[in-house]
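For reference, the structure is listed below as structure tokens.
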Amino acid sequence: MPGTLVFVEDHEGEATKGSLGVLGKAASLDGEAAAVLCGSGIASIADSLGAHGASTVYVADDAALESPLPQPRVDVLAKLVQEQGFDAVFFASSVLSADVAAGLSARLDAGLNWDLTDVELQEGRLVGKRPALQDSVVVDVGWTEGPALALFRTGSFEPGEGGAGNAAVETIDVPLEDFSTKTAMVERAHEEKSGPSIEDADVIVAGGRGLGEPERFSLLEDLAKALGGAVAATRAVVDAGWYPYATQVGQTGRTVSPKLYLACGISGAIQHKVGMQSAGTIVAINKDPNAPIFEYSDLAVVGDLNEIVPKLTELVRQRRQS
Amino acid sequence: MKIAVCVKEVPDAAAARRIDPQTKRLDRSGDGVLNEFDTHALEEALRVKEGSGEGEVVVLCLAPERAMNSLRKALAMGADRAVLVADDAAAGSDLVATAKILAKAIERESPDLILVGQQGGDSDGAVLWGSLAERLRLPLVSQAASLELSDGKARSKRQTEFGYDVLEAQLPCVVAVSDAINEPRYPSLKGIMGAKKKPQEMLSLADLGVDVAEAGEAGSRTEVLALTDPPARGDTQRIEDEGGDSAEKIVAYLAEQKLV
Ligand SMILES: Cc1cc2nc3c(=O)[nH]c(=O)nc-3n(C[C@H](O)[C@H](O)[C@H](O)COP(=O)(O)OP(=O)(O)OC[C@H]3O[C@@H](n4cnc5c(N)ncnc54)[C@H](O)[C@@H]3O)c2cc1C
Ligand SMILES: Nc1ncnc2c1ncn2[C@@H]1O[C@H](COP(=O)(O)O)[C@@H](O)[C@H]1O
């Protein structure tokens with residue numbers, strides 16, 4: 001019974017939104033869509049997946065899968081794919097899923113296409129849509145033989161309720177390779193609920209490594225205050241400890257769609273873009289005339305943020321007062 | 001401690017990059033440069049070596065012959081040795097083929113630690129390490145924003161969609177570092193002069209015992225079928241700033257859009 005297998009990632013007792021979107025897409029193709037869940041104490045999630053299009057849900061429930069680490073999951077998926085002979089395995093992009101997909105590619109000698117925004121059947125063959133080179137070209141990609149592994153870009157599909165509602169649930173083995181258990185999670189992420197919320201802001205002033213030093217975030221805070229908005233950041237500066245994770249925009253941060261997104265000293269990597277591309281108006285200040293962010297900005301300002309931002313703040317303040 | 005750092009050569013981002021419509025591969029005829037993201041992995045390797053006062057840092061790369069120029073920059077930064085796998089039969093290798101070849105090159109070195117960068121500036125894959133760890137049968141840590149080595153373990157803080165985790169992997173292991181882990185050094189003049197004399201090895205697939213049928217397009221499991229233009233988006237207005245004089249134009253633009 002070949003078809004598509006979807007790796008469903010879970011977090012705090014729920015399937016991630018991205019995985020459900022991909023599951024719905026898989027169910028819309030010819031053939032059946034099955035889902036695989038890997039974790040500890042996750043069986044309750046299985047029942048909800050039928051409504052998202054899964055005909056069968058395979059559950060690997062084991063203490064060894066408690067931490068969201070990729071390698072034990074490769075072991076589980078490899079065995080399942082080999083036994084069931086799926087034509088394709090789909091993943092919603094995430095730090096965990098990308099590592100699982102790449103490991104599975106090596107284990108099965110199976111082709112992996114990544115950063116796909118869509119997939120379709122052309123004369124019975126699976127074809128992926130992959131925007132490349134900073135989204136300047138869309139590449140149609142294929143697989144020369146199965147199974148076809150696909151990683152989908154964050155936000156490609158919204159979860160829907162398209163399925164029949166009832167999926168058969170099957171428990172599967174957890175065979176572990178020796179090297180798969182040599183990485184341990186000694187501290188697990190728990191969302192910092194405190195900190196400013198950027199999702200509701202109409203105006204966002206965002207800063208990246210181009211600020212040069214953490215203290216210069218105050219320039220952006222002043223501008224955001226004058227504009228009545230919030231301050232956001234890139235992963236590069238969050239990882240470096242300059243600004244809190246709660247303000248990060250992008251693939252592993254928040255997704256925002258303010259009326260105005262003003263990017264200062266941000267190069268505009270795809271992983272950042274997926275978190276802010278639906279902003280109404282995008283204005284970018286960057287001293288590099290070739291910065292990728294200019295490709296998707298409405299107003300591109302080539303210049304030094306240190307010179308521009310303070311003047312901008314001053315002018316906005318004056319306007320407000322008059 | 002012997003550290004292998006995988007570095008990629010990518011087309012210069014400052015030049016216009018394109019996919020060759022004939023071969024459907026990335027056009028690599030222009031100048032190649034050392035992938036920026038990989039200089040962070042190299043910097044981290046150099047710090048580990050300097051911190052412990054001993055060890056060796058080897059950079060490994062799969063690319064056409066002329067990539068040795070880019071590897072010389074890595075040597076100038078402080079790497080001890082460069083190994084370039086250059087073979088016409090490897091052109092067009094996808095993830096499956098690339099990981100297979102690089103894993104062989106790494107095995108030949110038996111390193112205690114394998115570092116890779118956050119992503120290829122050209123491919124935006126951020127996937128290679130997962131395949132490498134699997135082929136090497138070694139533990140993996142990705143997106144490492146910090147790295148500490150002690151008691152035969154590598155400990156890293158890393159970001160996922162849910163915040164920060166701390167992972168610990170037993171050595172030898174594969175660690176993919178975030179570009180925020182450090183600030184890479186610039187090569188010193190002495191480093192640049194000394195680079196030419198450092199060992200630079202060029203290997204063929206045969207040297208690694210990799211069959212040509214496992215490399216290049218023959219060894220790949222994915223293919224490019226067609227290239228199309230993305231949907232058009234609105235025009236970008238451009239302003240060149242001179243000493244902050246663009247502030248007024250920005251305000252005028254925002255006012256026009258009713259955003260101030
Ligand atoms: C799995 C994964 C997930 C990721 N998730 C995210 C995410 O959620 N969010 C995210 O943002 N990134 C994410 N990234 C990282 C992303 O790929 C980039 O590395 C990051 O976005 C770069 O941040 P930056 O633009 O601040 O830094 P850089 O890329 O270093 O850009 C700095 C820019 O500042 C400009 N500049 C320098 N000085 C000045 C000046 N004085 N005036 C004006 N401009 C100046 C430079 O020209 C440059 O363009 C992720 C990466 C991976 C692999
Ligand atoms: N051809 C290559 N030679 C050496 N290292 C590579 C090569 N391709 C990718 N890498 C390494 O793998 C990382 C991720 O690359 P990618 O998965 O292509 O985005 C890069 O930052 C490099 O460290």
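Chain letters run A, B, ... following the sequence lines, proteins first and then strands; every chain starts at 1.
With A/D99 contributing its side chain and B/G130 its backbone, the two residues share no donor-acceptor pair below 3.5 Å.
If you measure heavy-atom distances from B/E248 to chain A, the contacts under 4.5 Å come from both the backbone and the side chain. In this structure, the portions of A/R188 lying under 4.5 Å from any heavy atom of chain B include both its backbone and its side chain. A/V141 touches chain B through backbone and side chain together, each having a heavy atom under 4.5 Å away. Contact annotation for B/N182: neither backbone nor side-chain heavy atoms come within less than 4.5 Å of a heavy atom of chain A. In this structure, chain B has heavy atoms under 4.5 Å from both the backbone and the side chain of A/V186. With a 4.5 angstrom heavy-atom cutoff, A/R209 touches chain B only via side-chain atoms. Using a 4.5 Å cut-off between heavy atoms, B/A226 touches chain A through backbone and side chain atoms alike. At a 4.5 Å heavy-atom cutoff, the contact between B/L26 and chain A is made by side-chain atoms alone.
By the 6.0 Å contact criterion, CD on A/E145 is enclosed, its count of non-hydrogen atoms from other residues, nucleotides or ligands being greater than 12. By the neighbour-count criterion of 12 heavy atoms within 6.0 Å, atom CG of B/D151 is sparsely surrounded, having that number or fewer from other residues, nucleotides or ligands.
With salt bridges taken as basic N to acidic carboxylate O contacts below 4.0 Å, none links B/K157 and A/D239. Taking the charged nitrogens against the carboxylate oxygens, A/R125 and B/E223 do have a contact shorter than 4.0 Å, which makes a salt bridge. The residues A/D109 and B/R135 are annotated as salt-bridged, a charged nitrogen and a carboxylate oxygen being separated by less than 4.0 angstrom.
Side-chain N/O atoms of A/W114 and B/D124 include no donor and acceptor closer than 3.5 Å. Using modelled atom types, one finds no donor on one side chain facing an acceptor on the other under 3.5 Å when comparing A/Q71 with B/E134. For A/T252 and B/Q159, the side-chain atoms include at least one donor-acceptor pair closer than 3.5 Å.
Of the listed residues (A/T144, A/L262, A/D178), the greatest number of heavy-atom pairs within a distance under 4.5 Å of chain B belongs to A/T144. Your options are A/V139, A/T154, A/D298, and the one with the most heavy-atom pairs under 4.5 Å with chain B is A/D298. Most heavy-atom pairs under 4.5 Å with chain B, from the set A/V100, A/L151, A/V309, A/I308: that is A/I308.
At a heavy-atom separation below 4.5 angstrom, chain A is approached by B/I250, B/V251, B/Y253, B/L254, B/A255, B/Q257, B/L259, B/V260 within residues 249-260 of chain B. Annotation: residues 136-146 of chain B contacts chain A through B/R137, B/L138, B/P139, B/L140, B/V141, B/S142, B/Q143, B/A145 [non-hydrogen atoms, separation under 4.5 Å]. Along residues 100-113 of chain B, the residues that come nearer than 4.5 angstrom to chain A, judged on non-hydrogen atoms, are B/K100 in order of number.
Applying the side-chain contact (heavy atoms from CB on, under 4.5 Å) criterion to A/A269, with sequence neighbours excluded, gives A/Q271.
By the 30° and 60° cut-offs, the orientation of the rings of A/H11 relative to B/F162 is parallel.
At a threshold of 4.5 Å between non-hydrogen side-chain atoms, the residues B/D229 and A/V137 do not count as touching.
When all heavy atoms of A/A300 and B/T236 are compared, the pair lying nearest together is CB-CG2, 3.7 Å.
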